Amino acid sequence: KNADIAMYFSKRMGPNMFSFYEQSMNADALKRMTIENHLRQALGRGEFALHYQPQFDLVTGEVCGAEALLRWHNWELGNVPPIEFISIAEENGMIVAIGEWVMRTACRQTRTWLDQGLPLQRIAVNVSVNQFTHTDFLNMVKSILEETTLDPQYLEIEITESLLVKNVPETTNILHALKKMNIRIAIDDFGTGYSSMSRLKEIPIDCLKIDKTFVDGIAIGKRDQSIITAIIAMAEGMNLRLIAEGVETTGQVDFLRVKQCQEVQGYLFSKPLSTQQVEVFFQKAFSL
Ligand code: C2E
Ligand code: CA
Ligand code: CA
Ligand code: CA
């Protein structure tokens with residue numbers, strides 16, 4: 001396909017354009033390679049950090065938890081957003097070690113906050129499919145919980161809906177094992193992954209996160225509104241918590257409140273914050 005495009009350019013614009021196209025292809029490949037090389041050293045160099053985005057209960061008006069989000073600052077590349085490096089880390093397997101660092105850091109931090117008396121209900125940690133299906137995943141989580149002495153009920157693992165579609169028996173077993181350990185499970189980006197109702201019934205989930213695309217659509221019209229309404233009704237019927245993601249406007253909040261979606265997360269309430277910033281935020285929110 002790339003060759004077709006190159007051919008198209010060379011026919012239409014002459015050989016100079018062709019080489020221009022080739023160069024930009026190489027630039028992409030080079031960027032990817034550069035990211036991959038730096039990523040290899042990132043853990044050892046301590047280049048990762050977690051930011052935390054608070055989650056709010058619309059009924060009580062209080063902070064109920066936060067989602068841990070990975071940040072990478074490299075000395076040469078600067079800040080590299082997760083969308084640019086997570087998929088690379090998933091492809092080359094580095095996500096296993098990075099994900100373990102994320103889990104340990106989030107659990108240790110949560111334990112510290114609880115010790116400080118912050119009445120947090122939970123911290124959500126994103127877990128990739130490749131990490132999830134890695135043979136050591138359960139033991140990794142178990143030993144981090146022991147090491148940090150964090151009560152498992154404070155940990156919520158976010159998996160994407162697409163994980164439910166493939167790998168059926170394996171995934172179901174791991175999810176049940178996590179549930180047995182008293183860890184909570186949330187389905188991220190819900191509504192985008194085409195999982196079936198019967199699949200949802202098989203697995204022990206606690207929470208659905210309504211994808212931002214539907215929240216964005218609230219202002220646009222009836223279609224997205226009715227999808228959200230249906231998701232809310234389903235969550236209620238299945239006794240699941242519900243979080244609307246990517247909430248940016250008061251109009252969206254009004255709609256979600258009327259429809260009785262209990263929890264929200266988004267720039268309107270707070271962007272993801274550094275550890276120090278979120279600590280200040282929590283202290284104000286809990287007026288300590
Ligand atoms: P996600 O799990 O769906 O996370 C939500 C993303 O939306 C975050 O982007 C967050 O900063 C952003 N966001 C939150 N509220 C708003 C809003 O109101 N408006 C807009 N426009 N955006 C909002 P971020 O931090 O860049 O992360 C992107 C994705 O990278 C995440 O999507 C997740 O899939 C992945 N990711 C991030 N951290 C980790 C991690 O520790 N492990 C794994 N496996 N994946 C991670
Ligand atoms: Ca997430
Ligand atoms: Ca999401
Ligand atoms: Ca996402």
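Worth knowing before you read on, the calculation uses all heavy atoms, side chains too, and leaves out hydrogens, waters and symmetry mates. On a predicted model such as this, the values are computed, not experimentally measured, just so you know. Remember, it's 1-based here, ligands and their atoms both numbered in the order they're listed.
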Item to check | Minimum heavy-atom distance M103-L155, with the two atoms named | outcome: SD-CD2, 3.9 Å
Item to check | N126 and ligand 1 - part of the residue with a heavy-atom distance under 4.0 Å | outcome: both
Item to check | Atom name, D189 (N, O or S, nearest to the Ca ion (ligand 3)) | outcome: OD1
Checklist entry - Heavy atoms, side chains only, cut-off 4.5 Å: are N92 and E36 in contact? => result yes
Checklist outcome for this item: Under 4.0 Å between heavy atoms, the region of P272 that gets near ligand 1 turns out to be side chain
Checklist entry - Would you say E90 and ligand 1 have an N/O pair spaced under 3.5 Å apart? => result no
Next on the checklist: Under 4.0 Å from a heavy atom of V247: which atoms of ligand 1 are those, numbered in the order shown and with their elements?
Outcome noted: 18 (O)
Item to check | Per-atom contacts, ligand 1 versus E248 - under 4.0 Å to a heavy atom | outcome: 17 (C), 18 (O), 19 (N), 20 (C), 21 (N)
Next on the checklist: Would Q265 count as being in polar contact with ligand 1, using the rule that some N or O on each side must be under 3.5 angstrom apart?
Outcome noted: no
Next on the checklist: Only N/O/S atoms count here: what is the atom of D188 closest to the Ca ion (ligand 3) called?
Outcome noted: OD1
Next on the checklist: In the structure I gave you, are the side-chain heavy atoms of Q109 and L50 within less than 4.5 Å of one another anywhere?
Outcome noted: no
Checklist entry - Going only through I, L, V, M, F, W and Y residues with side-chain contacts under 4.5 Å, is there a path from I123 to V278? => result yes
Checklist entry - Should the heavy atoms of other residues, nucleotides or ligands under 6.0 Å from CD of Q41 be counted, would the total exceed 12? => result yes
Checklist entry - Is the shortest N/O to N/O distance between E158 and ligand 1 below 3.5 Å? => result no
Item to check | Within-shell test, I86 vs ligand 1, heavy atom, strictly < 4.0 Å | outcome: yes
Item to check | contact_flag K209 ligand 1 heavy-atom lt 4.0 Å | outcome: no
Checklist outcome for this item: Checking heavy-atom distances from atom 15 (N) of ligand 1 to each of E84, Q53, Q252, the winner is Q53
Next on the checklist: Any carboxylate oxygen within less than 4.0 angstrom of a Lys/Arg side-chain nitrogen, looking at K142 and E146?
Outcome noted: no
Checklist outcome for this item: Which atom of E67 is nearest the Ca ion (ligand 2), counting N, O or S only? It is OE2
Next on the checklist: Need the atom name: nearest N/O/S atom of E158 to the Ca ion (ligand 2).
Outcome noted: OE1
Next on the checklist: I'd like to check the salt bridge (Lys or Arg N to Asp or Glu O under 4.0 Å) partners of E158; sequence neighbours left out, ordered by chain and number.
Outcome noted: K209
Next on the checklist: Please confirm whether H51 approaches ligand 1 to less than 4.0 Å, judged on its heavy atoms.
Outcome noted: no
Checklist entry - What atoms of ligand 1 come closer than 4.0 angstrom to any heavy atom of E67? => result 2 (O), 4 (O)
Checklist entry - Is the Ca ion (ligand 2) under 3.0 Å from any N, O or S atom of N126? => result yes
Checklist entry - Hey, which atoms in ligand 1 end up nearer than 4.0 Å to a heavy atom of G266? => result 15 (N), 18 (O)
Checklist entry - For ligand 1, which part of L70 has a heavy atom less than 4.0 Å away: the side chain, the backbone, both, or neither? => result both
Checklist entry - Between D189 and ligand 1, which residue portion shows a heavy-atom distance shorter than 4.0 Å: side chain, backbone, both, or neither? => result side chain
Item to check | Minimum heavy-atom distance S274-H51, with the two atoms named | outcome: CA-CD2, 3.6 Å
Checklist entry - Does P81 have a non-hydrogen atom less than 4.0 Å from ligand 1? => result no
Item to check | Residue V102 vicinity, atoms of ligand 1 by number, heavy atom under 4.0 Å | outcome: 41 (O)
Checklist entry - Where do D189 and K212 land on the salt bridge (Lys or Arg N to Asp or Glu O under 4.0 Å) test, with the steps shown first? => result CA-CA 7 Å; D189 304 342; K212 181 178 189 306; over 6 Å; no
Checklist entry - Would you call the rings of W75 and H38 parallel, tilted or perpendicular, where under 30° means parallel and over 60° means perpendicular? => result perpendicular
Checklist entry - Heavy-atom contacts under 4.0 Å between L50 and ligand 1: side chain, backbone, both, or neither? => result neither
Checklist entry - Between W113 and F282, what is the ring plane arrangement, given parallel below 30°, perpendicular above 60°, and tilted in between? => result perpendicular
Checklist entry - Of all the atoms in E245, is at least one N, O or S atom closer to the Ca ion (ligand 2) than 3.0 Å? => result no
Checklist entry - Looking only at heavy atoms of K271, does any of them come nearer than 4.0 Å to an atom of ligand 1? => result no
Checklist entry - Just checking, is any N or O donor in the side chain of Q55 or R122 under 3.5 Å from an acceptor N or O on the other one? => result yes
Checklist outcome for this item: One finds that the ligand 1 atoms under 4.0 Å from a non-hydrogen atom of E245 are 3 (O), 5 (C)
Next on the checklist: What I want to check is whether the side chains of N130 and E90 have a donor and an acceptor closer together than 3.5 Å.
Outcome noted: no
Checklist entry - Hey, is the main chain of S128 close enough, under 3.5 Å, to the side chain of Q131 for a donor-acceptor pair? => result yes
Checklist entry - In terms of the angle between their ring planes, are W72 and F85 parallel, tilted or perpendicular, with boundaries placed at 30° and 60°? => result perpendicular
